[in-house]
Amino acid sequence: MTDTPTLPSVVDAELVDLGRDRIDVAAVLRHLVDRADAAASTSIGFPGAVDLDHSEVMARLGRRLWNNIGDPATDPGGAAHTKAMERAVVAWVADLLAMPADDRWGYVTTGGTEGNLAALHAAQRRHPRAVVYHSTAAHYSIPKILDILGARRLAVPARQDGEIDHEQLAAQLRRRPTRPAIVVATAGTTMTEAVDDPARIHAVLAAHPAGGHLHVDAALAGIPLALDGRLRLDPSGGIDSIAISGHKFFGTPTPCGVVLLRGRLRCTGTPVAYTDTVDSTVTGSRCGLAAALLWHAIATHGREGHRWRVSEARRLAAYAVDRLTAVGWPAWRHPHAFTVVLDTPPASVRRKWLLATDGPISHIVCMPGLTKGQVDAFVADLRPDPAARTAPDPAPPSGPAARSGAAARSAPAARGDAAARSDPAGWTGTAARTVVQPG
C-alpha cells in the first residue's frame with residue numbers, strides 16, 4: 001500500500017466526463033501528462049525502469065491495431081500482428097534462462113499476473129488433485145489466481161527477510177504424501193525482493209512421493225538474475241514454468257510480460273476457423289504492440305547492455321543504503337536487489353514521496369533510470385526530523401531469536417553491506433544477505 005494522496009479526482013472527473021456538450025480533449029491529455037510528469041521525480045517506491053526510450057516504437061506502430069491473436073506460432077493471414085517479434089522475445093528470454101530449445105513454449109502476456117495464471121492453470125491440468133503451496137510473501141495475484149482456479153492452497157510462512165521458510169515448506173509436503181504439490185516460488189518478493197531458493201524447493205519436490213510442479217513468479221528479478229546466470233531453467237534445475245514482467249525491468253509504456261512453460265505442459269488449444277489460428281493463450285487476442293516494445297528494448301541493448309543496467313541499479317541501491325544509514329535511518333537490501341527496505345518514514349515524507357509501505361516498513365526501488373539526485377533528495381527529507389520516525393532505532397540483535405520488529409528489519413541476517421558493494425550481483429540463495437546497523 002501507499003500513503004501518497006491521490007491528486008484531485010473531482011477535477012479529473014470533470015475533465016473526462018463524457019456527458020458534457022464540449023470536451024477539450026487536448027486539455028484532458030495535457031492534464032494527464034502534466035500530472036504524471038510532476039509526480040515522476042518523487043515516484044521511487046514501485047518498480048518501473050525509466051531509462052529506456054520507447055518513443056520510436058510508439059511513433060511508428062502506435063497508429064494501428066497489432067493483434068497477436070491465438071497461438072504465437074500460428075500467423076493468421078492478412079492480420080496486422082507482431083508474432084515474429086513475439087517469438088524472438090520468447091526465444092531470447094528462454095535462451096537467457098538456459099531453457100532447452102526442444103522443451104519450451106511461451107508467449108507475451110499482459111503482465112506477471114497473466115503469466116502466473118497461465119502457468120498455474122497448466123500445472124493444475126497436469127495435477128488436478130494437487131495442493132498449491134506459496135509463501136505468505138508471494139504476490140497478491142497468487143491467492144487470487146488460485147481462487148479463480150478453485151485450487152486447494154496453503155500459505156507457508158516467510159522469514160523476516162521475505163524468503164520462504166524452506167523447512168516449513170518441506171514439513172507441509174510431508175504431511176500430504178499422497179497429494180501432488182504445486183509450489184510457487186518467488187524471485188523478487190513485493191516488499192524486500194527476496195528470492196526463494198529453487199534448488200532447495202526442487203530437492204523437496206523430487207523427494208515427494210506424489211510428484212509436483214515448480215513455478216517461479218519472477219516478475220521483477222527474473223531478467224536480472226538470469227543475466228547473472230543465477231536463475232536457470234535447464235533440465236537439472238527442476239523449474240517447470242516461470243512468469244516475468246516486461247514493464248518493470250524493460251520499462252515498457254504498457255503492462256506486459258512473458259510466460260514460459262515446459263513443452264509438455266503446452267495447452268494444445270482449440271482451432272478457431274474464423275481467426276485462422278489456435279486458441280492456446282489465456283486472453284486470445286493479445287497486444288502486438290507489447291511484443292514490439294519488448295523486442296525493441298532487447299534489440300537495442302542486448303545482453304551486455306542490460307547487464308550494465310543491472311549493475312548500475314544495484315550500485316545505486318547500495319548507495320541508497322549507505323546514505324540512509326549515514327543519517328541514522330535503518331535500511332538494508334539483499335545483495336542482488338534493486339529494492340532498499342527502510343523503516344517507514346513519517347507522514348510528512350510519505351505525502352511527498354511515492355513509497356510502497358506495509359506497516360512498519362517501506363521500500364524504495366532503485367530501478368534503472370533512478371538517479372543519485374533523487375536518492376539524495378529523499379534522504380535530505382528524512383534528515384531534519386529523525387524523532388518523527390514510526391519505529392525507534394533497533395538495538396543490535398543478539399541472535400536469531402532477537403530478530404523481531406525493527407531489529408529484524410535492519411538486520412535480517414549476518415552479512416555487511418560492504419559485501420554487497422564488492423559483489424553487487426551476488427546471490428547465493430539463503431546464504432547472502434545485507435546487514436546494516438543504524439549509524
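- With hydrogens and angles left out, the side-chain atoms of Thr339 and Glu193 include a donor and acceptor closer than 3.5 Å.
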Please output the side-chain donor-acceptor pairs of residues 77-87 that fall under 3.5 Å, not counting sequence neighbours, one pair per line with the distance.
unit_1 : atom_1 : unit_2 : atom_2 : d
His81  : ND1    : Lys83  : N      : 3.2
Thr82  : OG1    : Asn68  : OD1    : 3.4
Thr82  : OG1    : Asn68  : ND2    : 3.1
Thr82  : OG1    : Gly288 : O      : 2.6
Lys83  : NZ     : Ile69  : O      : 2.5
Lys83  : NZ     : Asp71  : O      : 2.7
Lys83  : NZ     : Thr74  : O      : 2.5
Glu86  : OE1    : Asn68  : ND2    : 3.3
Glu86  : OE1    : Arg286 : NH1    : 3.2
Glu86  : OE1    : Arg286 : NH2    : 3.4
Glu86  : OE2    : Val108 : N      : 2.9
Glu86  : OE2    : Arg286 : NH1    : 2.3
Arg87  : NH1    : Pro72  : O      : 2.7
Arg87  : NH1    : Asp75  : OD1    : 2.9
Arg87  : NH2    : Asp75  : OD2    : 3.3

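- Using a distance-only test at 3.5 Å, with no hydrogens or angles considered, no donor-acceptor pair links the side chain of Asp279 to the main chain of Gly269.
- The shortest side-chain heavy-atom distance between Tyr319 and Cys366 does not fall under the 4.5 Å cut-off.
- Shown here are the ring-ring contact (aromatic ring centres under 6.0 Å, His included) partners of His306, two or more places apart in sequence or in another chain: Phe249, Phe250, His301.
- Residues meeting the salt bridge (Lys or Arg N to Asp or Glu O under 4.0 Å) test with Asp147, sequence neighbours left out: Arg153.
- Considering only heavy atoms from C-beta on, Leu220 comes within 4.5 Å of Met367 through its side chain.
- Applying the side chain to side chain contact (heavy atoms under 4.5 Å, CB included) criterion to Arg303, with sequence neighbours excluded, gives Trp92, Asp95, Leu96, Leu227, Arg307.
- Remark: side-chain polar atoms of Ser285 are not paired, donor with acceptor, to backbone N or O of Asn67 under 3.5 angstrom.
- For the pair Phe338/Leu316, no side-chain contact is recorded, criterion being any heavy-atom separation below 4.5 Å from C-beta on.
- Contacts of Trp105 classified as ring-ring contact (aromatic ring centres under 6.0 Å, His included), with partners at least two apart in sequence or in another chain: Tyr107.
- The nearest pair of heavy atoms linking Ala73 to Arg266 is CB-NH2, 4.3 Å.
- For Arg176 (side chain) and Gln172 (main-chain N/O), a donor-acceptor pair under 3.5 Å exists by modelled atom type.
- Proximity of Ser362 to Thr344: side-chain heavy atoms (C-beta onward) are separated by under 4.5 Å at one or more points.
- With sequence neighbours excluded, the residues satisfying side chain to side chain contact (heavy atoms under 4.5 Å, CB included) with Asp51 are Ala49, Arg309, Pro368.
- In this structure, Arg179 contributes its side chain and Val131 its backbone to no donor-acceptor pair below 3.5 Å.
- Note: Leu65 CG to Cys287 SG = 8.5 Å, rounded to the nearest 0.5 Å.
- Between Phe378 and Pro345, some side-chain heavy-atom pair lies under the 4.5 Å cut-off.
- Here ring-ring contact (aromatic ring centres under 6.0 Å, His included) pairs that include residues 182-240, with residues two or more places apart or in two chains, number zero.
- When the side-chain hydrogen bond (donor to acceptor under 3.5 Å, both in side chains) test is applied to Thr42, no partner is found at least two apart in sequence or on another chain.
- Distance alone, capped at 3.5 Å, is enough to place a donor-acceptor pair between the His334 side chain and the Asp161 backbone.
- With Trp329 contributing its side chain and Leu382 its backbone, the two residues share no donor-acceptor pair below 3.5 Å.
- A salt bridge (charged side-chain N to carboxylate O under 4.0 Å, His left out) check over residues 238-247, counting only residues at least two apart or in different chains, returns the pairs Arg126-Asp240, Asp240-Arg264.
- The salt bridge (Lys or Arg N to Asp or Glu O under 4.0 Å) check on Arg232 picks up Asp234, with sequence neighbours excluded.
- Listed by first and then second residue, the ring-ring contact (aromatic ring centres under 6.0 Å, His included) pairs involving residues 129-150 amount to none (not counting sequence neighbours).
- Residues Thr252 and Leu52 fail the side-chain proximity criterion, which asks for heavy atoms closer than 4.5 Å.
- Looking at Arg262, its side chain never comes within 3.5 Å of a backbone N or O of Ser241 through a donor-acceptor pair.
- Put simply, the side chain of Gln374 gets close to the backbone of Ser41: a donor and an acceptor are under 3.5 Å apart.
- Residues Val132 and Ala151 approach most closely at CG2-CB, 4.0 Å, considering heavy atoms.
- For the pair Ile201 and Ile239, the minimum side-chain heavy-atom distance is 4.5 Å or more.
- Side chain of Thr186 to main chain of Ala138: no donor-acceptor pair is present (N/O by atom type, distance under 3.5 Å, no hydrogens or angles).
- A distance-only check finds no donor-acceptor pair linking the side chain of Asp381 to the backbone of Val349 [under 3.5 Å].
- Side-chain atoms of Val57 and Leu289, non-hydrogen and from C-beta on, do get closer than 4.5 Å to each other.
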Intermediate values then yes/no, salt bridge (charged side-chain N to carboxylate O under 4.0 Å, His left out), Arg159 and Glu167: CA-CA 11 Å; Arg159 306 182 336 178; Glu167 287 76 17; over 6 Å; no
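- Scored by the salt bridge (Lys or Arg N to Asp or Glu O under 4.0 Å) test, Arg174 finds no partners at all (sequence neighbours excluded).
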